[in-house]
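Here the structure is a predicted model, which is why all the values come from computation and not from measurement.
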Amino acid sequence: METTLIELREVSVFLAGRDEPVLHQLSGAIREGEWLTVAGRNGSGKSVLGRLLAGLDGRYSGEIGRSAHGASVRLIMQNPEAQLIGDTVVEDLRFGMECAGIPPEEMALRMEGALVGAGLSGLEACPVSRLSGGQKQLLAIAGALAAQPAVLIADEATSMLDPEARRRLLNLLKILQNKGLTVIHITQLLEETAYAGRIWALDGGRLVFDGTSEEFFYGRVGSPSGEIGSPCRAAGLLPPLAVAVAERLKARGLLADRFPMTPEALEKAVLS
């Protein structure tokens with residue numbers, strides 16, 4: 001039986017100085033060990049939702065239920081400058097682990113694993129001020145991984161990374177998710193949704209879709225052919241190139257029951 005870690009029941013979120021909510025009556029559940037991608041245009045409320053799920057609630061109405069065993073949650077923000085404290089890489093990681101209550105005897109091993117996973121090995125003594133923007137983002141990610149949370153919320157965490165670093169990070173998170181980590185992945189890069197088991201799409205502060213990646217891009221089973229791709233497009237988003245090409249091929253009857261999400265899957269579908 002799947003364990004629900006966080007459940008929203010008709011939750012609306014209000015920001016300071018604004019009478020109208022920025023998130024409107026959201027209802028949904030985050031389950032243990034899943035990968036949930038949150039997609040939406042700029043201004044749709046994705047980052048506000050990330051902070052809400054992380055427990056930085058602010059002013060809201062409705063109900064938020066959290067697991068009785070108090071699963072730890074870490075949020076990686078889009079701007080790494082807002083969450084780096086130490087003067088050097090190792091000092092920043094140590095500070096984060098101290099705040100998380102990690103026993104001193106465990107810190108060295110956790111630090112080593114986090115630095116290897118984030119691709120920062122060898123930079124332990126490097127001043128944070130000398131890191132590039134992408135390296136600072138990787139350090140923020142390493143700090144979150146070192147804490148070994150039950151839930152990791154990544155808010156546009158790959159936005160400052162080059163394609164190879166982005167691929168390496170997402171693959172690492174997928175490995176950790178397969179071992180039980182719950183990943184909430186907030187992104188505008190829809191090609192990254194191939195990693196998702198489930199997608200929430202926001203539009204205008206409302207949850208307009210909750211389902212699988214396949215359903216998000218290609219429509220729900222049994223929907224009229226004219227609605228193929230409508231959940232994604234209805235949210236004001238354009239699908240990744242592989243999906244857009246597959247849509248055209250399906251419209252010509254060339255892919256039948258295949259629903260590729262990536263260029264590799266598209267190539268396999270076309271050649272088979």
Does a side-chain heavy-atom distance below 4.5 Å link [X] with [Y]?
| X | Y | result |
| --- | --- | --- |
| Met160 | Gln78 | no |
| Trp35 | Ile184 | no |
| Glu247 | Pro239 | yes |
| Trp200 | Val208 | no |
| Leu8 | Leu49 | yes |
| Thr88 | Glu124 | no |
| Val151 | Leu181 | no |
| Glu63 | Val11 | no |

Heavy-atom closest pair, residues [X] and [Y]:
| X | Y | result |
| --- | --- | --- |
| Tyr60 | Phe14 | CA-CD1, 4.2 Å |
| Ala242 | Pro263 | CB-N, 3.6 Å |
| Gly219 | Pro231 | CA-CD, 4.2 Å |
| Met107 | Ile102 | CE-O, 3.3 Å |
| Ala194 | Thr262 | CB-CG2, 3.5 Å |
| Ala54 | Leu75 | CB-CB, 4.0 Å |

How far does [atom1] of [X] sit from [atom2] of [Y], to the nearest 0.5 angstrom?
| X | Y | atom1 | atom2 | result |
| --- | --- | --- | --- | --- |
| Leu93 | Leu139 | CG | CG | 5.5 Å |
| Cys126 | Gln135 | SG | CD | 7.0 Å |
| Glu81 | Lys136 | CD | NZ | 3.5 Å |
| Thr212 | Glu215 | OG1 | CD | 3.5 Å |
| Gln148 | Ser72 | CD | OG | 9.0 Å |
| Arg51 | Leu53 | CZ | CG | 11.5 Å |

(request) Let me see the working for Met261 and Glu214 under side chain to side chain contact (heavy atoms under 4.5 Å, CB included), right down to the final yes or no. (result) CA-CA 8 Å; Met261 303 292 170; Glu214 181 178 302; 3.5 Å; yes
Crowding at [atom1], [X] (>12 non-hydrogen neighbours, <6.0 Å):
| X | atom1 | value |
| --- | --- | --- |
| Glu20 | CD | no |
| Glu10 | CD | yes |
| Glu267 | CD | no |
| Phe95 | CZ | no |

Within the distance-only criterion (no hydrogens, no angle test), does the side chain of [X] pair as donor or acceptor with the backbone N or O of [Y] below 3.5 angstrom?
| X | Y | value |
| --- | --- | --- |
| Lys250 | Leu255 | no |
| Thr158 | Leu161 | no |
| Arg66 | Ile6 | no |
| Glu34 | Arg31 | yes |
| Thr4 | Ala29 | no |
| Glu106 | Pro104 | no |
| Gln83 | Met77 | yes |
| Lys46 | Ala39 | no |
| Gln177 | Leu173 | no |
| Asp155 | Ile76 | no |

Do [X] and [Y] sit in the same hydrophobic cluster, where Ile, Leu, Val, Met, Phe, Trp and Tyr count as joined when their side-chain heavy atoms come under 4.5 Å apart?
| X | Y | value |
| --- | --- | --- |
| Leu152 | Leu172 | yes |
| Ile85 | Val128 | no |
| Tyr195 | Leu241 | no |
| Ile153 | Leu23 | yes |
| Ile186 | Val22 | yes |

(message) When you compare the side chains of Asp203 and Ser44, does any donor N or O come within less than 3.5 Å of an acceptor on the partner?
(response)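 No, no side-chain donor-acceptor contact under 3.5 Å.
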(request) Please determine if Asp210 and Arg198 form a salt bridge, counting it only when a charged side-chain N lies under 4.0 Å from a carboxylate O. (result)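 A salt bridge links Asp210 with Arg198.
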(request) Answer yes when Arg166 and Glu192 have at least one side-chain N-carboxylate O distance shorter than 4.0 Å, and no when they do not. (result)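 Answer for the salt bridge query: yes.
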(request) Apply the side-chain contact (heavy atoms from CB on, under 4.5 Å) test between Phe216 and each candidate in Thr37, Thr193, Leu237; give the one that qualifies. (result)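 By the side-chain contact (heavy atoms from CB on, under 4.5 Å) criterion, Phe216 pairs with just one of Thr37, Thr193, Leu237: Leu237.
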(request) Run the numbers on Arg167 and Glu191 for salt bridge (charged side-chain N to carboxylate O under 4.0 Å, His left out), then give the verdict. (result) CA-CA 11 Å; Arg167 182 195 62 79; Glu191 60 268 26; over 6 Å; no
(request) For side chain to side chain contact (heavy atoms under 4.5 Å, CB included), just list the numbers for Val89 and Leu115, CA-CA rounded to whole Å, side-chain angles, deciding distance to a tenth of an Å, and then say yes or no. (result) CA-CA 9 Å; Val89 168; Leu115 289 171; 3.8 Å; yes
(request) Check the pair Leu190 / Leu238 against side chain to side chain contact (heavy atoms under 4.5 Å, CB included), numbers first and verdict last. (result) CA-CA 8 Å; Leu190 292 190; Leu238 293 178; over 6 Å; no
(message) side chain to side chain contact (heavy atoms under 4.5 Å, CB included) for Thr187 and Val38? Distances and angles first, verdict last.
(response) CA-CA 6 Å; Thr187 186; Val38 179; over 6 Å; no
